[in-house]
Amino acid sequence: MSSIADNIGSVTRRIQKATVAAGRDPDSVHLLAVSKTRPPEAIRAAVAAGQTAFGENYLQEALEKIDALQDLSELEWHFIGPIQSNKTRQIAESFAWVHSVDRLKIARRLSEQRPDGLPALNICLQVNINNEASKSGCRLEQLPELVDAIGELPNLSLRGLMAIPNPDQPEGELRLSFRKLAGTLRALKQAHPEAGPLDTLSMGMSGDLETAIAEGATWVRVGTAVFGAREKKPAQG
(Lines give C-alpha, C1' and ligand atoms only; values in the text may rest on other atoms or scores of the structure.)
Protein backbone atom coordinates (compact mmCIF):
# COMPACT_ATOMS: atom_id res chain seq x y z
CA MET A 1 0.00 0.00 0.00
CA SER A 2 1.29 3.46 -0.88
CA SER A 3 2.16 5.72 2.02
CA ILE A 4 0.66 9.17 2.38
CA ALA A 5 4.11 10.62 1.65
CA ASP A 6 4.30 8.62 -1.59
CA ASN A 7 0.81 9.75 -2.52
CA ILE A 8 1.63 13.40 -1.92
CA GLY A 9 4.72 13.04 -4.07
CA SER A 10 2.65 11.51 -6.86
CA VAL A 11 -0.05 14.20 -6.69
CA THR A 12 2.57 16.94 -6.57
CA ARG A 13 4.19 15.56 -9.72
CA ARG A 14 0.78 15.46 -11.43
CA ILE A 15 0.18 19.09 -10.50
CA GLN A 16 3.62 20.17 -11.68
CA LYS A 17 3.29 18.30 -14.98
CA ALA A 18 -0.16 19.77 -15.64
CA THR A 19 0.99 23.26 -14.74
CA VAL A 20 3.98 23.09 -17.09
CA ALA A 21 1.78 21.65 -19.85
CA ALA A 22 -0.57 24.60 -19.44
CA GLY A 23 2.33 27.06 -19.77
CA ARG A 24 1.74 28.41 -16.28
CA ASP A 25 4.02 29.47 -13.44
CA PRO A 26 5.04 26.29 -11.54
CA ASP A 27 4.10 27.96 -8.24
CA SER A 28 0.63 29.07 -9.36
CA VAL A 29 -1.24 25.93 -8.30
CA HIS A 30 -1.56 24.75 -4.69
CA LEU A 31 -2.58 21.40 -3.26
CA LEU A 32 -5.39 21.41 -0.70
CA ALA A 33 -5.38 18.00 0.99
CA VAL A 34 -9.01 17.15 1.78
CA SER A 35 -8.80 15.54 5.19
CA LYS A 36 -12.48 15.05 6.02
CA THR A 37 -13.08 11.74 7.82
CA ARG A 38 -9.31 11.26 8.19
CA PRO A 39 -7.75 10.93 11.67
CA PRO A 40 -5.20 13.38 13.04
CA GLU A 41 -2.47 10.77 12.55
CA ALA A 42 -3.05 10.83 8.79
CA ILE A 43 -2.74 14.62 8.77
CA ARG A 44 0.50 14.40 10.76
CA ALA A 45 1.85 12.00 8.15
CA ALA A 46 0.93 14.46 5.41
CA VAL A 47 2.60 17.32 7.30
CA ALA A 48 5.75 15.23 7.64
CA ALA A 49 5.71 14.98 3.83
CA GLY A 50 5.53 18.77 3.49
CA GLN A 51 1.79 19.36 3.17
CA THR A 52 0.40 22.23 5.26
CA ALA A 53 -3.02 23.16 3.79
CA PHE A 54 -5.98 20.95 4.71
CA GLY A 55 -9.64 21.10 3.74
CA GLU A 56 -12.49 20.05 6.02
CA ASN A 57 -16.21 19.62 5.30
CA TYR A 58 -17.66 18.79 8.71
CA LEU A 59 -17.28 21.47 11.36
CA GLN A 60 -17.36 19.45 14.58
CA GLU A 61 -14.91 16.88 13.22
CA ALA A 62 -12.66 19.67 11.99
CA LEU A 63 -12.64 21.47 15.33
CA GLU A 64 -11.60 18.27 17.09
CA LYS A 65 -8.69 17.83 14.69
CA ILE A 66 -7.66 21.48 14.92
CA ASP A 67 -7.48 21.07 18.70
CA ALA A 68 -5.58 17.77 18.46
CA LEU A 69 -3.04 19.27 16.06
CA GLN A 70 -2.55 22.69 17.61
CA ASP A 71 1.12 21.90 18.20
CA LEU A 72 1.60 22.13 14.41
CA SER A 73 1.63 25.89 14.00
CA GLU A 74 2.26 25.73 10.25
CA LEU A 75 -1.15 24.22 9.43
CA GLU A 76 -3.57 26.25 7.31
CA TRP A 77 -7.19 25.15 7.66
CA HIS A 78 -9.74 25.58 4.86
CA PHE A 79 -13.47 25.03 5.32
CA ILE A 80 -14.94 23.59 2.12
CA GLY A 81 -18.35 22.21 3.16
CA PRO A 82 -21.87 23.64 3.19
CA ILE A 83 -22.30 26.33 5.85
CA GLN A 84 -25.23 26.58 8.24
CA SER A 85 -25.90 29.97 9.83
CA ASN A 86 -25.46 28.64 13.35
CA LYS A 87 -21.95 27.39 12.53
CA THR A 88 -20.45 30.62 11.19
CA ARG A 89 -18.91 31.82 14.47
CA GLN A 90 -16.75 28.74 14.92
CA ILE A 91 -15.76 28.79 11.26
CA ALA A 92 -14.81 32.47 11.49
CA GLU A 93 -12.74 31.77 14.60
CA SER A 94 -10.90 28.66 13.43
CA PHE A 95 -10.19 28.78 9.69
CA ALA A 96 -7.92 30.78 7.40
CA TRP A 97 -10.00 30.11 4.27
CA VAL A 98 -13.64 29.35 3.48
CA HIS A 99 -14.29 28.06 -0.04
CA SER A 100 -18.03 27.54 0.24
CA VAL A 101 -19.71 30.91 0.79
CA ASP A 102 -22.87 30.94 -1.32
CA ARG A 103 -25.00 33.79 0.04
CA LEU A 104 -24.63 37.23 1.55
CA LYS A 105 -26.10 36.27 4.93
CA ILE A 106 -23.27 33.81 5.51
CA ALA A 107 -20.63 36.31 4.37
CA ARG A 108 -21.98 38.98 6.74
CA ARG A 109 -21.95 36.62 9.69
CA LEU A 110 -18.40 35.48 8.94
CA SER A 111 -17.24 39.09 8.76
CA GLU A 112 -19.03 40.11 11.95
CA GLN A 113 -17.77 37.07 13.86
CA ARG A 114 -14.14 37.13 12.71
CA PRO A 115 -12.16 37.75 15.92
CA ASP A 116 -10.13 40.92 16.35
CA GLY A 117 -6.45 40.23 15.91
CA LEU A 118 -6.88 37.67 13.15
CA PRO A 119 -6.18 38.58 9.53
CA ALA A 120 -9.09 38.95 7.14
CA LEU A 121 -10.78 35.64 6.39
CA ASN A 122 -10.05 34.50 2.84
CA ILE A 123 -13.26 33.45 1.11
CA CYS A 124 -14.33 31.99 -2.21
CA LEU A 125 -17.86 32.15 -3.54
CA GLN A 126 -19.20 28.71 -4.36
CA VAL A 127 -20.89 28.62 -7.77
CA ASN A 128 -23.36 25.94 -8.83
CA ILE A 129 -21.75 25.89 -12.25
CA ASN A 130 -24.03 23.19 -13.73
CA ASN A 131 -27.22 24.33 -11.93
CA GLU A 132 -27.60 20.99 -10.16
CA ALA A 133 -30.49 20.81 -7.72
CA SER A 134 -28.49 18.61 -5.36
CA LYS A 135 -25.55 21.01 -4.98
CA SER A 136 -24.93 24.14 -2.98
CA GLY A 137 -23.75 27.31 -4.63
CA CYS A 138 -25.05 30.53 -6.07
CA ARG A 139 -25.98 31.00 -9.72
CA LEU A 140 -23.67 32.81 -12.10
CA GLU A 141 -26.11 35.67 -12.55
CA GLN A 142 -26.12 36.32 -8.78
CA LEU A 143 -22.38 36.90 -8.60
CA PRO A 144 -22.05 40.60 -9.55
CA GLU A 145 -24.44 41.79 -6.84
CA LEU A 146 -22.91 39.40 -4.31
CA VAL A 147 -19.37 40.54 -5.11
CA ASP A 148 -20.36 44.19 -4.69
CA ALA A 149 -21.96 43.54 -1.32
CA ILE A 150 -19.12 41.41 0.04
CA GLY A 151 -16.61 44.05 -1.00
CA GLU A 152 -18.11 46.26 1.73
CA LEU A 153 -17.52 43.73 4.52
CA PRO A 154 -14.46 44.66 6.60
CA ASN A 155 -13.12 41.33 7.82
CA LEU A 156 -13.22 39.31 4.61
CA SER A 157 -10.84 39.06 1.67
CA LEU A 158 -12.75 37.94 -1.40
CA ARG A 159 -10.23 35.72 -3.16
CA GLY A 160 -12.25 34.09 -5.94
CA LEU A 161 -14.61 31.32 -6.94
CA MET A 162 -15.10 27.65 -6.15
CA ALA A 163 -17.12 25.03 -8.01
CA ILE A 164 -17.72 21.29 -8.03
CA PRO A 165 -18.79 20.48 -11.59
CA ASN A 166 -20.88 17.41 -12.29
CA PRO A 167 -18.27 14.60 -12.44
CA ASP A 168 -20.52 12.47 -14.67
CA GLN A 169 -20.45 14.85 -17.61
CA PRO A 170 -18.22 14.04 -20.60
CA GLU A 171 -14.62 15.30 -20.54
CA GLY A 172 -15.36 18.07 -23.03
CA GLU A 173 -18.29 19.39 -21.02
CA LEU A 174 -16.30 19.18 -17.78
CA ARG A 175 -13.58 21.28 -19.39
CA LEU A 176 -16.16 23.83 -20.48
CA SER A 177 -17.50 24.02 -16.91
CA PHE A 178 -14.03 24.84 -15.60
CA ARG A 179 -13.49 27.31 -18.44
CA LYS A 180 -16.77 29.04 -17.67
CA LEU A 181 -15.76 29.52 -14.03
CA ALA A 182 -12.37 30.91 -15.05
CA GLY A 183 -13.95 33.30 -17.53
CA THR A 184 -16.43 34.44 -14.91
CA LEU A 185 -13.61 35.23 -12.47
CA ARG A 186 -11.79 37.29 -15.10
CA ALA A 187 -14.95 39.25 -15.86
CA LEU A 188 -15.63 39.90 -12.17
CA LYS A 189 -12.09 41.08 -11.58
CA GLN A 190 -12.34 43.53 -14.44
CA ALA A 191 -15.77 44.82 -13.45
CA HIS A 192 -15.14 44.94 -9.69
CA PRO A 193 -11.48 45.95 -9.18
CA GLU A 194 -12.22 47.19 -5.67
CA ALA A 195 -13.89 43.98 -4.45
CA GLY A 196 -10.79 42.02 -3.41
CA PRO A 197 -7.83 40.16 -4.89
CA LEU A 198 -10.05 37.84 -6.98
CA ASP A 199 -7.00 35.73 -7.76
CA THR A 200 -8.27 32.26 -6.83
CA LEU A 201 -10.02 29.41 -8.64
CA SER A 202 -10.74 26.50 -6.31
CA MET A 203 -11.62 23.68 -8.71
CA GLY A 204 -10.43 20.21 -9.58
CA MET A 205 -10.20 17.04 -7.50
CA SER A 206 -8.39 13.70 -7.60
CA GLY A 207 -9.89 12.58 -10.90
CA ASP A 208 -9.88 15.82 -12.88
CA LEU A 209 -7.14 18.04 -11.50
CA GLU A 210 -5.23 18.10 -14.81
CA THR A 211 -8.26 19.43 -16.67
CA ALA A 212 -8.90 22.01 -13.94
CA ILE A 213 -5.29 23.20 -14.00
CA ALA A 214 -5.37 23.52 -17.79
CA GLU A 215 -8.34 25.87 -17.36
CA GLY A 216 -6.82 27.99 -14.59
CA ALA A 217 -7.25 26.31 -11.19
CA THR A 218 -5.11 27.76 -8.41
CA TRP A 219 -6.26 25.38 -5.64
CA VAL A 220 -6.99 21.71 -6.37
CA ARG A 221 -8.89 19.89 -3.63
CA VAL A 222 -7.54 16.34 -3.40
CA GLY A 223 -8.59 13.73 -0.86
CA THR A 224 -8.55 10.18 -2.20
CA ALA A 225 -5.32 10.53 -4.17
CA VAL A 226 -3.57 11.81 -1.02
CA PHE A 227 -5.08 9.71 1.76
CA GLY A 228 -6.45 6.70 -0.14
CA ALA A 229 -10.04 5.48 -0.41
CA ARG A 230 -12.19 6.32 2.58
CA GLU A 231 -15.19 4.79 4.22
CA LYS A 232 -18.44 6.65 3.71
CA LYS A 233 -19.39 8.98 6.54
CA PRO A 234 -22.86 10.31 7.28
CA ALA A 235 -23.29 14.04 6.86
CA GLN A 236 -22.89 16.13 9.99
CA GLY A 237 -22.61 19.75 10.95
Side-chain angles (χ1 to χ4, degrees), residues 2-19 24-81 83 87-101 110-111 113-124 155-160 162 196-206 209 212-213 217-228 230:
S2 297
S3 71
I4 289 174
D6 290 339
N7 292 344
I8 289 174
S10 177
V11 172
T12 299
R13 287 188 293 274
R14 285 176 63 190
I15 292 171
Q16 291 173 341
K17 183 177 179 180
T19 305
R24 297 177 55 192
D25 184 327
D27 296 324
S28 64
V29 183
H30 309 287
L31 170 61
L32 181 62
V34 178
S35 48
K36 66 178 181 180
T37 78
R38 312 296 182 167
E41 294 73 22
I43 297 174
R44 287 188 184 277
V47 173
Q51 180 64 27
T52 56
F54 295 89
E56 291 283 334
N57 290 60
Y58 309 121
L59 179 59
Q60 191 55 47
E61 176 194 315
L63 293 175
E64 291 170 3
K65 283 186 269 192
I66 290 170
D67 183 63
L69 297 167
Q70 58 183 311
D71 58 301
L72 300 175
S73 59
E74 69 269 37
L75 296 194
E76 181 179 81
W77 294 100
H78 296 232
F79 194 79
I80 60 175
I83 303 173
K87 304 295 176 68
T88 54
R89 182 175 298 280
Q90 290 172 301
I91 292 172
E93 291 172 347
S94 303
F95 290 83
W97 283 75
V98 180
H99 292 231
S100 47
V101 176
L110 290 171
S111 179
Q113 295 167 345
R114 184 69 167 171
D116 293 339
L118 288 183
L121 181 63
N122 297 297
I123 69 165
C124 293
N155 296 317
L156 303 181
S157 178
L158 180 55
R159 298 298 299 269
M162 183 271 261
L198 291 174
D199 56 3
T200 299
L201 281 172
S202 173
M203 61 186 194
M205 297 185 283
S206 293
L209 66 85
I213 289 170
T218 61
W219 281 101
V220 289
R221 307 180 307 272
V222 180
T224 302
V226 169
F227 294 106
R230 64 172 168 262

Over all heavy atoms of both residues, which pair between Arg14 and Ala225 is shortest? Give the atoms and the distance, please.
NH1-CB, 4.2 Å
Rounded to the nearest 0.5 Å, what's the gap from CG on Leu110 to CZ on Arg89? Could you check?
11.0 Å
Got Arg13 and Lys17 here, is their nearest side-chain heavy-atom distance under 4.5 Å?
no
Short question: side chain of Gln51, backbone of Leu31 - any donor-acceptor pair under 3.5 Å?
yes
Is the backbone N or O of Ile8 less than 3.5 Å from a side-chain atom of Thr12, with the two atoms forming a donor-acceptor pair by type?
yes
Could you please spell out the steps behind the side chain to side chain contact (heavy atoms under 4.5 Å, CB included) verdict for Ile4 and Glu41?
CA-CA 11 Å; Ile4 289 174; Glu41 294 73 22; over 6 Å; no
Between Arg221 (side chain) and Ser202 (backbone), is there a donor-acceptor pair under 3.5 Å?
yes
Single hit among Leu72, Asp67, Ile66 for side-chain contact (heavy atoms from CB on, under 4.5 Å) with Gln70
Asp67
May I ask you to test the Met162-Ser100 pair for a side-chain heavy-atom distance under 4.5 Å?
yes
Could you check whether any side-chain heavy atom of Arg24 comes within less than 4.5 Å of a side-chain heavy atom of Thr218, counting everything from C-beta outward?
yes
His78 versus Ala53, closest heavy-atom pair with distance:
NE2-CB, 3.9 Å
Test your reading of the model: is there a side-chain donor-acceptor pair from Arg159 to the backbone of Gly196, 3.5 Å cut-off?
no
Ignoring hydrogens, what is the shortest heavy-atom contact between Gly204 and Ala212? Give both atom names and the distance.
CA-CB, 3.5 Å
Could you grab the distance from atom OG of Ser111 to atom CD of Gln113, nearest 0.5 Å is fine?
9.5 Å
Taking every non-hydrogen atom, the tightest pair across Leu121 and Ala92
CD2-CA, 4.4 Å
Which of parallel (below 30°), tilted (30 to 60°) and perpendicular (above 60°) describes Phe79 and Phe95?
perpendicular
Check: Leu32 and His99 side chains under 4.5 Å, non-hydrogen atoms:
yes
Any side-chain heavy atom of Ile83 sitting closer than 4.5 Å to one from Thr88?
yes
Student check: side-chain heavy atoms of Val101 and Leu158 closer than 4.5 Å:
no
Heavy-atom side-chain proximity of Leu69 to Trp77 below 4.5 angstrom:
yes
Taking the side chain as C-beta and beyond, is there a heavy-atom pair between Trp97 and Ile80 under 4.5 Å?
no
Which heavy atom in Lys65 sits nearest to a heavy atom in Glu56, and how many Å separate them?
NZ-OE2, 2.9 Å
Using a 3.5 Å distance criterion without hydrogens, assess whether the side chain of Ser35 forms a donor-acceptor pair with backbone atoms of Arg38.
no
May I have the step-by-step check of side chain to side chain contact (heavy atoms under 4.5 Å, CB included) for Asn155 and Leu118, ending in yes or no?
CA-CA 9 Å; Asn155 296 317; Leu118 288 183; over 6 Å; no
Can you check side chain to side chain contact (heavy atoms under 4.5 Å, CB included) on Glu76 and Asn122, steps first, answer last?
CA-CA 11 Å; Glu76 181 179 81; Asn122 297 297; 5.9 Å; no
Judged by atom type as modelled, is there a donor-acceptor pair below 3.5 Å linking the side chain of Glu61 to the main-chain atoms of Thr37?
yes
Ser157 side, atom OG; Asp199 side, atom CG - distance, nearest 0.5 Å:
7.5 Å
